[in-house]
Amino acid sequence: GAVVSQHPSWVICKSGTSVKIECRSLDFQATTMFWYRQFPKQSLMLMATSNEGSKATYEQGVEKDKFLINHASLTLSTLTVTSAHPEDSSFYICSASAVVRETQYFGPGTRLLVL
Amino acid sequence: QQQVKQSPQSLIVQKGGISIINCAYENTAFDYFPWYQQFPGKGPALLIAIRPDVSEKKEGRFTISFNKSAKQFSLHIMDSQPGDSATYFCAASLYSGAGSYQLTFGKGTKLSVIP
């Protein structure tokens, strides 16, 4: 149980284009989903928290107009990196938690490379 | 500031030995402490977790020891195996409102188990 998937697992795009990453909870309803960014050999950095049907809450320093988050259903959240630039290249990981539960289950991550 | 300090940064243990990773926190409002295991290129996977009203929790070869007065907790991996070689993150959870909990992560420990 508690499986979270991400798609795609790998994406290469040209600078200036937009990229959408999907995060799905496969066997439970995720009232809250989180998006993290991880640089090589570093810890996870929380970008934003989203509750189903509500606007995402972004962490300080994260541009909400650049990283668009949609949590339209209890099993799906999407992160869109708009007008991507090489500095946006990173490993993006989502996680999901069920109703008022502390445990977060993580997806396998999406490697983004912007050329 | 909410922080979780993790040590050591890297650890080399011989096969069959005990791996010990330590974490310390400041905010006494943290009320749930999970450990995650992450292999290269993958998302973190929940390993074991503990609440502050319990001093020890064991699951197979993995044990969490928790010292509430010292605000410290540690992960012990008994009979360490080469397959345990991964990066381990401790985390602490805090209610962030709207029914969701946020995790604060340590910086990670890269464990290498040598034959």
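Basis for what follows: all heavy atoms, side chains included, without hydrogens, waters or symmetry-related copies. In what follows, chains are A, B, ... by sequence order, proteins preceding strands, each numbered from 1.
- One hydrophobic cluster holds both Leu11(B) and Trp35(B) under the rule that ILVMFWY side chains link at heavy-atom gaps under 4.5 Å.
- In this structure, CG on Leu103(B) lies 6.0 Å from CZ on Phe106(A), to the nearest 0.5 angstrom.
- Nearest heavy-atom pair, Gln38(A) versus Phe89(B), reported as atom, atom and distance to 0.1 Å: NE2-CZ, 3.6 Å.
- Using a 4.5 Å cut-off between heavy atoms, Gln38(B) touches chain A through its side chain atoms alone.
- Defined by atom type and a distance below 3.5 Å, a donor-acceptor pair is present between the side-chain atoms of Thr103(A) and Tyr32(B).
- A distance of 4.5 Å separates CD of Gln102(B) from OG1 of Thr49(A), quoted to the nearest 0.5 Å.
- Under the 4.5 Å side-chain heavy-atom criterion for Ile, Leu, Val, Met, Phe, Trp and Tyr, Leu46(B) and Phe34(A) are members of the same hydrophobic cluster.
- Two different hydrophobic clusters hold Tyr36(A) and Leu76(A) under the rule that ILVMFWY side chains link at heavy-atom gaps under 4.5 Å.
- Contacts between Gln42(A) and chain B at a heavy-atom distance below 4.5 Å involve the backbone alone (N, CA, C, O).
- Side-chain heavy atoms closer than 4.5 Å link hydrophobic residues (I, L, V, M, F, W, Y) into clusters, and following such links, even through other members, never connects Ile69(A) to Tyr101(B).
- Few gaps surround CG on Leu113(A); more than 12 heavy atoms of other groups in view lie less than 6.0 Å from it.
- Atom CG of Leu46(A) is separated from atom CZ of Phe105(B) by 9.0 Å, given to the nearest 0.5 angstrom.
- With a 4.5 Å cut-off on non-hydrogen atoms, Pro44(B) touches chain A through its backbone and its side chain both.
- Looking at Ser43(A), its side chain does come within 3.5 Å of a backbone N or O of Gly106(B) through a donor-acceptor pair.
- Residue His7(A) places its NE2 atom among 12 or fewer non-hydrogen atoms of other residues, nucleotides or ligands, all under 6.0 Å distant.
- Other residues, nucleotides and ligands place more than 12 heavy atoms under 6.0 Å from the NZ atom of Lys66(A).
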